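Comments concern the structure below.
All chains are named by letter (A, B, ...) in the order of the sequence lines, taking the proteins before the strands, and each is independently numbered beginning at 1. What you are looking at is a predicted structure, and each value in this text was computed from that prediction instead of being measured.
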Amino acid sequence: MSTLTLKGPYWVTVRQYRRTLWLVAGGVLLSLVSMVWLRYWDGQTVGTNQDNGHAVLRVAMDWAATAMMVLPLLVGAFVAGPMVARELESGTYKLALTQSVSPARWLGSKLLTAGAVIVPATLALIGVYRLGWGSVAGTWSFLWYAPDTYVSTGPVLVGQVLLALGLGALIGQLIRRTVTAMALTGLVTGLALLLVGQLRWSLMPVLTGTGPLNVGNLFPGVPASSWQGGYGLLTASGDHLPAEACWNRTKEWDVCPADLNVVGQYWEYHPSSHYWPIQLIETGIYLALAALALYAAFRVLRARHP
Amino acid sequence: MTRDGIALEADLLGKTYGGRSRGWALRGCGFALPAGRVCALVGPNGAGKSTLLALAAGLLRPTEGTIQAPPREHLAYVAQDKPLHPRLSVADTLRMGRELNPGRWDETAAQRVMADELDPHTLVRDLSGGQRTRVALALALGKRAELLLLDEPMADLDPLARHQLMGLLMADAAEHGTTVVLSSHILTELEGACDHLLLLHGGKIRLDGAVDDLLAAHTLLRGPVADLAPHTVVESRTTGRQLTALIRHEGPIEGPWDTQEPSLEDLLLAHLRTTPEGVPA
């Protein structure tokens, strides 16, 4: 983190936020050291998951997954508050914008610096999470499609922090009050992530399996690690009926009235091989939204400052 | 871009904060400040001085009209509250000036303002108001601008520092032909240093011109009450049968009055007392 080779507004940004930079570097390093130590402790007892090391690792991974979900909100709040709104609130922007640097370069250098720190830090944290995940993956609450694990293990998180960065740059300028801008950016980022998250399993066509009626909820041919979506009854014409369509009439799950023409059941699922395509599509959505937010942020900047 | 020989020019300049119905901070301002002048921008509190300077610095967009100032690289601006990054040291703040003004930063000029008065490792947040002013002025002078816009620059300084910095500023401006606009509501701060005057009152320019011309165009007279036509009366007061008036004279003054050239203070007070309050539409 040498400031010697940095020039112009980049030097100023790094100098201004050097404590935060050290904090980020320290945080990433600390999480890496902790995770290596936890894995080492867990590895001391081979062949069982019933040891203290494994139990502590699971708890730590729970916390880590929550922290990773919150990471984009923290990034957005920091960009909106201390990096943008505070300059406008305290008037230091008057200093920056009357030097020989254009407003776009001023904001651009701030955001590029932030991005150049946040993206590698996020990738490092994903690496750390995956390091711990190696020991608990596939177990309850750490399946690949569990919302926090899904976000913490792939590029989606990078897309999310970049979207938070863009929203922070926009909201920080619009609100111009440090604390309010931080809170609002956290809220808007959270909502945006929630909305996109809702679409996650529709981003790729599900696979559909079919089978006879009398197998209950044990879907033959669906890998156990799959994300399971809707299921129901299948008619001779290929139509889908709700799972309880027969039970409603016959009070039996596997006895169907003849007029329904039920020939079996269907189930929809994403096999674990869909992990990467869905991750990449969702990341693309976040990146597109981030680009929109950044475009708006620079439009606002240009409208305000000639 | 500005015209040749004109450092700062406004035409029908108006600025309102948050909607035209909320009142105008400035309206219908027009002036042309010749390059190389040291201009006092005076007016009571709330007259629009800071708004005018921020418009000139390019920090605000005019609501209407135009203001023509040199581009960002060629002007320096010190805001009234002397904003600086509180967690940077004095040395880092000056380094910032160098980083953000590549190719034009003049370390010698900046250090002349600092005058070894401050420990470079002190954080800006630990500085007094006067010390902050010194750092802000060092940043402005280090930039080697054609136009210096200083909003109430001397307000926080003790008399000694004020005298020293004012002298330095004037010498620097004279040496480099810099145009300087200094705002203040305390005239004595600027008298003697400035050769141009802009009087702003209620969002409008009330006086604009070289100090010598303005003084020569006005006359202070005392004597019996009588018709003062064809002269323009700026302000007149009568005590018994005695008349005291400040006039802008049209031709020679003929009458039974004692006449004298007004001081700058007489002139300003007369204009401030008689111009209507509030902002005319």
Side-chain angles (χ1 to χ4, degrees), chain A residues 1-23 78 81-110 112-113 173-178 299-306, chain B residues 50 53-62 66-89 91-105 123-125 132 135-140 142-151:
Chain A
M1 243 182 331
S2 159
T3 53
L4 293 173
T5 51
L6 290 162
K7 284 264 165 274
Y10 297 96
W11 180 86
V12 177
T13 306
V14 168
R15 200 74 191 150
Q16 237 180 308
Y17 301 103
R18 62 188 184 280
R19 284 170 196 80
T20 314
L21 292 178
W22 284 115
L23 209 68
F78 185 80
M83 289 195 84
V84 176
R86 188 191 287 159
E87 293 248 16
L88 299 168
E89 186 177 35
S90 68
T92 45
Y93 77 100
K94 297 179 200 164
L95 187 67
L97 295 189
T98 49
Q99 306 303 315
S100 307
V101 171
S102 73
R105 233 186 123 210
W106 169 70
L107 183 64
S109 63
K110 275 173 173 289
L112 267 175
T113 308
Q173 285 187 84
L174 293 176
I175 302 296
R176 314 182 75 144
R177 291 281 171 273
T178 310
R299 284 301 294 265
V300 169
L301 183 76
R302 217 173 61 185
R304 293 244 171 97
H305 304 287
Chain B
S50 294
L53 287 175
L55 283 163
L59 288 171
L60 295 175
R61 272 185 195 282
T66 57
I67 184 156
Q68 314 252 304
R72 180 174 283 112
E73 296 86 337
H74 296 284
L75 62 79
Y77 169 70
V78 175
Q80 189 170 4
D81 50 354
K82 320 292 178 304
L84 294 169
H85 295 298
R87 303 184 85 171
L88 289 188
S89 68
D92 278 348
T93 304
L94 293 180
R95 167 89 185 265
M96 178 184 78
R98 189 167 88 220
E99 294 290 344
L100 295 183
N101 299 288
R104 49 186 319 112
W105 180 252
L123 293 185
V124 164
R125 65 170 170 197
R132 286 171 65 99
V135 176
L137 280 174
L139 269 181
K143 195 178 170 185
R144 269 281 79 84
E146 291 165 18
L147 175 64
L148 266 176
L149 302 163
L150 309 175
D151 198 352

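A pairwise comparison of heavy atoms in A:Ser90 and B:Pro83 identifies O-CB, 4.3 Å as the closest pair. Between A:Thr92 and B:Leu84, the shortest heavy-atom contact is CG2-O, 3.4 Å. Considering every non-hydrogen atom in both A:Ser100 and B:Arg104, the closest pair reads OG-CD, 3.5 Å.
Interatomic distance, A:Gln16 CD to B:Met96 CE, rounded to the nearest 0.5 Å: 8.0 Å. Rounding to the nearest 0.5 Å places CZ of A:Arg304 at 13.0 Å from CG of B:Leu59. Going from atom NZ of A:Lys94 over to atom CG of B:Asp151 covers 8.0 Å, rounded to the nearest 0.5 Å.
Only the side chain of A:Val12 comes within contact range of chain B, with at least one heavy atom under 4.5 Å from a heavy atom of that chain. Heavy atoms of B:Asn101 lying under 4.5 Å from chain A belong to its backbone as well as its side chain. Using a 4.5 Å cut-off between heavy atoms, A:Thr98 touches chain B through backbone and side chain atoms alike. The parts of B:Ala57 that come within reach of chain A are both its backbone and its side chain, each placing non-hydrogen atoms under 4.5 angstrom from that chain. Proximity to chain A (any heavy atom under 4.5 Å) is shown, for B:Arg98, by neither the backbone nor the side chain.
Chain A forms more heavy-atom pairs under 4.5 Å with one residue of B:Leu88, B:Leu60, B:Val78 than with any other, namely B:Leu88.
More than 12 heavy atoms of other shown residues, nucleotides or ligands fall within 6.0 angstrom of atom CZ in B:Arg61.
No donor-acceptor pair closer than 3.5 Å links the side chain of B:Arg72 to the backbone N or O of A:Ser102.
Within the 4.5 Å cutoff, side-chain heavy atoms of A:Arg19 are placed close to those of B:Arg87.
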